[in-house]
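Reading through the structure tokens given below for one structure.
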Amino acid sequence: MPEQLSPRAGWREALLNRRMLICVFTGFSSGLPLYILLSLLPAWLRSEHVDLRAIGFFALMQFPFNWKFLWSPLVDRYALPAFGRRRGWMLASQLALLIALPAFGALDPEFDLLAIALLAMSVAFCSATQDIVLDAYRREILTDSELGLGNSIHVNAYRIAGLIPGSLSLILADHLPWSSVFAITALFMLPGIIMTLSVNEPAIAGTLPRSLRDAVIEPFREFISRAGPRSALYMLAFMVLYKLGDSMATALATPFYLDMGFTKTEIGLIAKHAGLWPSVIGGLIGGI
């Protein structure tokens, strides 16, 4: 791991280093697929006159993001043959998303709703898997003193990624067919792929757990024994449920705007920016 920053190190040294730039790319790559599911997919379905109840059920496709702790030990235990323990899974999940996202445009919501739901679940699974590895990679390259700022940059880049499917893609949808919109949106996965190919594997990632038991059972045992079974259950329930209501509301916000008569361009230019920039500014202040 990199050396710890001195407490007297200035913000210039903390901000202007390669690790913080990597956090920008990890955040952007992590946020893009989620916001496609949250913003672009509901807008597409509603513009094709899919029932609101069906669109609401699509919010359940986010469950892989809440349950990813179940297969994260497997990702930690098994390394893919090429590119290293972290970069291999990063590249595999990013390439899968690059292929899967344009496939939405080849489907017809009137006849292929089940296929769309299965594709959305696959995108959510690949995106959650990418999050597992990006989080591990970011933790391994940042020093303890850089974690606050690095995580803040990651989260804000994550939010800014929402402007692509939530703003740019909606504006394009007023001028281009949906197949082109999904293809163009998927191309924004390329910066993350380039980042994965350009960075080095962190040295700490070289030591694999000796067995599946070490990767799966021991972390859960340590987690439960740290504060007791009751606290562990409370924490797991919090992880699963804390964003559920917010996600349901977000999934139906764009269809609501469309039903109110706003154009996709108006939604992209106004609605998606209103709450973003205060969140970004607040997140940066929190990180500092």
Side-chain angles (χ1 to χ4, degrees), residues 22 24-48 50 55 58-59 61-62 64-65 68 80 83 87-109 112-134 137 154 157-199 247 250-251 254-255 264-265 267-269 272 276:
I22 291 174
V24 174
F25 283 93
T26 62
F28 188 88
S29 299
S30 182
L32 183 70
L34 174 62
Y35 283 107
I36 289 174
L37 296 176
L38 284 179
S39 300
L40 189 59
L41 192 62
W44 173 49
L45 295 175
R46 192 55 180 164
S47 67
E48 297 296 324
V50 173
I55 297 175
F58 269 80
M61 301 302 168
Q62 298 169 58
F65 294 96
K68 60 188 178 183
L80 296 182
F83 294 99
R87 293 170 65 238
W89 283 110
M90 286 161 59
L91 185 61
S93 57
Q94 289 166 346
L95 289 177
L97 289 167
L98 183 64
I99 295 170
L101 292 172
F104 283 115
L107 299 172
D108 187 339
D112 304 319
L113 197 58
L114 178 58
I116 292 171
L118 293 174
L119 180 60
M121 183 62 75
S122 300
V123 168
F125 178 81
C126 292
S127 181
T129 302
Q130 179 192 222
D131 288 352
I132 292 169
V133 193
L134 290 179
Y137 183 85
H154 172 89
Y158 185 102
R159 291 171 176 160
I160 291 172
L163 290 179
I164 303 303
S167 182
L168 175 62
S169 299
L170 290 181
I171 296 170
L172 292 176
D174 271 338
H175 307 282
L176 297 172
W178 280 103
S179 57
S180 299
V181 171
F182 278 108
I184 292 171
T185 307
L187 291 177
F188 283 89
M189 288 300 304
L190 290 175
I193 294 174
I194 294 172
M195 180 271 295
T196 300
L197 295 173
S198 302
V199 298
S247 298
T250 304
T254 303
K264 290 186 282 290
T265 298
I267 297 170
L269 288 175
K272 300 304 178 181
L276 172 68

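- Of the candidates Val24, Thr26, Leu190, Thr26 is the only one forming a side-chain contact (heavy atoms from CB on, under 4.5 Å) with Met195.
- If you take CG on Leu98 and CZ on Phe188, they are separated by 12.5 Å, rounding to the nearest 0.5 Å.
- For Asp112, there are no salt bridge (Lys or Arg N to Asp or Glu O under 4.0 Å) partners two or more places apart in sequence or in a different chain.
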CA sep, side-chain torsions, deciding dist, call: Gln130, Ser29, side-chain hydrogen bond (donor to acceptor under 3.5 Å, both in side chains): CA-CA 9 Å; Gln130 179 192 222; Ser29 299; 4.5 Å; no
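- Within the 4.5 Å cutoff, the side chain of Tyr137 has heavy atoms near those of the Val199 side chain.
- In this structure, the side chain of Ser179 does not engage the main chain of Ala106 through any donor-acceptor pair within 3.5 Å.
- The aromatic rings of Tyr35 and Tyr158 stand perpendicular to each other, their planes meeting at an angle above 60°, with 30° marking the opposite boundary.
- A distance of 5.0 Å separates OG in Ser47 from NZ in Lys264, rounded to the nearest 0.5 Å.
- The aromatic rings of Phe182 and Trp44 lie perpendicular to each other, with more than 60° between the two planes, well past the 30° mark.
- Listed by chain and residue number, Leu34, Leu37, Gln62, Ala124, Ser127, Ala128, Asp131 satisfy the side chain to side chain contact (heavy atoms under 4.5 Å, CB included) test with Phe65 (two or more places apart in sequence, or in another chain).
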For the pair Leu101 and Thr185, evaluate side chain to side chain contact (heavy atoms under 4.5 Å, CB included) and give the outcome as yes or no after the intermediate values. CA-CA 8 Å; Leu101 292 172; Thr185 307; 6.0 Å; no
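- Every residue was checked against the side-chain hydrogen bond (donor to acceptor under 3.5 Å, both in side chains) condition with Ser93, not counting sequence neighbours, and none meets it.
- Interatomic distance, OG of Ser122 versus CG of Leu97, reported as 10.0 Å (0.5 Å rounding).
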